[in-house]
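By convention in this document, chain letters (A, B, ...) are assigned in the order of the sequence lines, proteins followed by strands, and residues within each chain are numbered from 1.
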Amino acid sequence: MKEKVRVRFAPSPTGFLHIGGLRTALYNYLFARHHGGSFILRIEDTDQTRYVEAAEEDIIHSLNWSGIEIDEGPQNPGEFGPYRQSERKEIYHKYALQLIESGDAYYAFDTTEELDQMRERLQKSGNPSPKYDSVTRQSMKNSLTLPQDETQRRLEAGEEYVIRLKVPRREVIRFEDIIRGNVSFESKGLDDQVLLKSDGMPTYHLANVVDDHLMKITHVIRGEEWLSSTPKHILLYKAFGWEPPHMAHLPLIMSPSGGKLSKRKAESEGIPVNTKDYIEQHYEPEALVNFLAYLGWSPGDDSEIHSLEELCKLFTLDRVSKGGAVFNHKKLLWYNEHYLREIPDQQLAKKVREISQNEAVQSADEAYLARAISLLKERVSKVDELEKMGSFFFEDPEEYDPKPLKKWKKDSTALVSEYQKEIESMDDDGFEAGTLKQKLEGVIERNEVGFGKLMMPLRIAVTGQGFGPDLFISMEMLGKETVMRRIDRALSSLAQE
RNA sequence: GCCGCGUUCGUCUAGGGGUCUAGGACGCCGCCCUUUCACGGCGGUAGCACGGGUUCGAAUCCCGUACGCGGUACCA
């Protein structure tokens, strides 16, 4: 590659950044960094009816959170701005006119109703997908059928019009896709795509081609849903006399039940769709990035874990797979667990404090919090679960988990209270895990019962749960007073049951 | 319907004519470790969509079929 690589992520601000969009952005970014090139963000806000005010900010925020750096974009323009298509209206207009002059496009005055009528008519006569094409355009109202002065008159009168691409009648359009190889389409399957809408805005097709050229984009890396419109783009490049960029169409992310991962589908299957959801649900960005990178790509060895930086080094488009990839939420969680465990306790403590609403957690001793976290973090998938699982470190159990409570048998009360008597004699500062364990061993030996007979009821009494970190260490951390109080409470509330 | 693109364990994938009795990861199951739940370690489960070719030899190449997905807008 001789030219300096420049790629772009070009979302339309119609809502929150979709997880599939994030992956497209990621692949673009990885490709750019791999080749020492630039990653450009371009906002494709040409559909005013679907525009969402907060979307651009969400896109940028999501990208930042993921660690994707924007080299040029609306908030940090380079020399090819503006980076919002709505601000480039005149540019598109100029190029659309150029196409009219060269005879590659024409004005069309048909109303929506007239278009509907045409389609309906064709459908009735057995054409399942009616097009505005080289045949039908001859019976429509456009600058190709109308006398020249009539066209002129309509334009001057300010009549609404669109500009359409004059797709050749019969031509095979070929292009090479980096991921898929040679792809070809016949022009007769294409319709005379609207390039400039009646509101003066360009359609995606025009804006995209013009901008990619003007912004010196070398590689277009986008979702597979664009593959079928690529021939139209190729036609446009040709009409302008421009060299098309390299094309790469990414496989789509699929829902576990099949079909592309749409909002509705994903949510009903418990998969968050927007990047924002992952942020709010406290996923680790490194985990999402690593997971997404591997959804449709692999470096070819047996490795699974890579930082963003490493991914930049490893990523190549020829290793992207062709088939759609099903989103596997469990694997994402696995990645999240991995990255979570790599975070030092101190840092994790800070994170927990940031997201916790709990007074006791907020006011907890720093070292105490970090120690609790070190015991808990092997057991959870996400940071926010830390607090829930470790709540007993900070406050007495409100209620007892009903499932392990079944282990509280008739003899439990006697065993637990015997153990309580044993530890009552311990000093506050001698209240440590080793001794606590010895005492317990003493009790079970004397009563000739198994460990679990006392362990489980004791665990329930102290933590309210049937699982969790090492009980003796937990009790040591909690301190004698707290442990005694909790046992008292359990004994009185569970004795008769 | 038409056009296009795809199809290796349940899922993500490695594989690019012989080294594949198909490798790894997630999941699931079992064992070990362990007071519990986890972590970790070890082991197991399961796949080349189908049918024809080409070839001494095909998961790998070609052609069909099936299935899936995408597109078919003055949406991107």
Return the nucleotide paired to B:C75: Watson-Crick means purine N1 to pyrimidine N3 with N6-O4 or O6-N4, wobble means G-U with N1-O2 and O6-N3, both under 3.5 Å. none
Going by purine N1 to pyrimidine N3 plus the second Watson-Crick contact, or the G-U wobble pair, all under 3.5 Å, which nucleotide sits opposite B:A25? B:U11
Would you say a side-chain N or O of A:Arg319 is under 4.0 Å from OP1 or OP2 of B:G15? yes
Just to confirm, is there a sub-4.0 Å distance from OP1 or OP2 of B:C39 to any side-chain nitrogen or oxygen of A:Arg341? no
Closest to the side chain of A:Leu252, out of B:C69, B:U36, B:A76, is B:C69
In this structure, is the centre-to-centre distance between the rings of A:Phe327 and A:Phe291 below 6.0 Å? yes
Kindly write out the residues that satisfy side-chain hydrogen bond (donor to acceptor under 3.5 Å, both in side chains) with A:Gln347, not counting sequence neighbours, or none if the list is empty. none
Verify, without hydrogens or angle tests, whether A:Arg42 (side chain) and A:Gln85 (backbone) share a donor-acceptor contact under 3.5 angstrom. no
Using a 4.0 Å heavy-atom cut-off, does A:Phe472 contact any base of the nucleic acid, only the sugar-phosphate backbone, or nothing at all? base
Nearest-neighbour nucleotide for the A:Thr203 side chain, B:C74, B:C5, B:U11 considered: B:C74
May I ask you to say what A:Gly296 touches in the nucleic acid, namely base, sugar-phosphate or nothing, with a heavy-atom cut-off under 4.0 Å? sugar-phosphate
Check the distance between B:C26's P and A:Leu295's CG and give it to me in whole angstrom. 16 Å
Mind checking if A:Pro231 touches a base, just sugar-phosphate, or nothing, with heavy atoms under 4.0 Å? nothing
On a whole-Å scale, what distance lies between the P atoms belonging to B:A22 and B:G16? 15 Å
Are any of A:Lys260's side-chain N or O atoms less than 4.0 Å away from OP1 or OP2 of B:G71? yes
Rounded distance (Å) that lies between atom P of B:C12 and atom CH2 of A:Trp334: 16 Å
Report yes if at least one side-chain N or O of A:Ser321 is closer than 4.0 Å to OP1 or OP2 of B:U13; otherwise report no. yes
Between B:G47 and B:G27 - C1' atom distance, rounded Å: 15 Å
Indicate whether OP1 or OP2 belonging to B:C75 is found under 4.0 Å from a side-chain N or O atom of A:Lys197. yes
Ring centres under 6.0 angstrom apart (A:Trp226, A:Tyr204): yes
How many whole angstroms separate atom NZ of A:Lys437 from atom C1' of B:U34? 9 Å
Check this one for me: any side-chain N or O of A:Lys331 less than 4.0 Å away from OP1 or OP2 of B:G10? no
Counting only side-chain heavy atoms from C-beta out, which of B:G70, B:U35, B:G4 sits nearest to A:Arg459? B:U35
Strictly by Watson-Crick or wobble contacts shorter than 3.5 Å, is anything paired with B:G40, and which nucleotide is it? B:C32
Do A:Arg379 and B:C37 have a side chain to base donor-acceptor pair shorter than 3.5 Å? yes
Watson-Crick or G-U wobble partner of B:G17, both distances under 3.5 Å: none
Hey, does A:Ser198 reach any base, or is it just sugar-phosphate, or nothing, if we go heavy atoms under 4.0 Å? base
Per A:Ser12 side chain, nearest of listed nucleotides B:C39, B:A76, B:U35: B:A76
Closest listed nucleotide, where the reference is the side chain of A:Met456 and the choices are B:U35, B:U36, B:C74: B:U36
Does A:Ser229 get its side chain close enough to the base of B:G71, under 3.5 Å, for a donor-acceptor pair? no
State whether the distance check finds a donor on one side and an acceptor on the other, under 3.5 Å, for side chain A:Ser228 versus base B:C3. no
Please measure how far the P atom in B:C69 lies from the corresponding atom in B:C31, and state the result in whole Å. 40 Å
Any heavy-atom pair between the side chains of A:Thr463 and A:Phe393 that's under 4.5 Å? no
Applying a 4.0 Å non-hydrogen cut-off, can you work out what A:Asp110 is touching in the nucleic acid: base, sugar-phosphate, or nothing? base
With a non-hydrogen cut-off below 4.0 angstrom, is A:Asp177 in contact with a base, only sugar-phosphate, or nothing? nothing
Could you identify the nucleotide paired to B:G68, looking across every strand shown and requiring Watson-Crick or G-U wobble geometry with both distances under 3.5 Å? B:C5
Say we look at B:A25 and B:U8: how far apart would their C1' atoms be, to the nearest angstrom? 15 Å
Close approaches to RNA chain B from residues 265-276 of chain A, in residue order (heavy atom, under 4.0 Å): none
Got a sec? Which of residues 45-57 of chain A come in under 4.0 Å of RNA chain B, heavy atoms? A:Thr46, A:Asp47, A:Arg50
Taking the minimum atom-to-atom distance to the side chain of A:Lys330, which one of B:C28, B:C5, B:G24 wins? B:C28
Between B:A73 (P) and A:Met201 (CE): distance, integer Å: 22 Å
Looking at B:U55, which nucleotide sits across from it as a Watson-Crick or G-U wobble partner, both distances under 3.5 angstrom, or is there none? none
Give A:Glu44 one of three labels, base, sugar-phosphate or nothing, depending on what nucleic acid heavy atoms sit under 4.0 Å from its own. sugar-phosphate
Rounded to whole Å, CH2 of A:Trp226 lies from P of B:G71 at a distance of 9 Å
State whether A:Arg119 places a side-chain N or O below 4.0 Å from either non-bridging phosphate oxygen (OP1 or OP2) of B:C74. yes
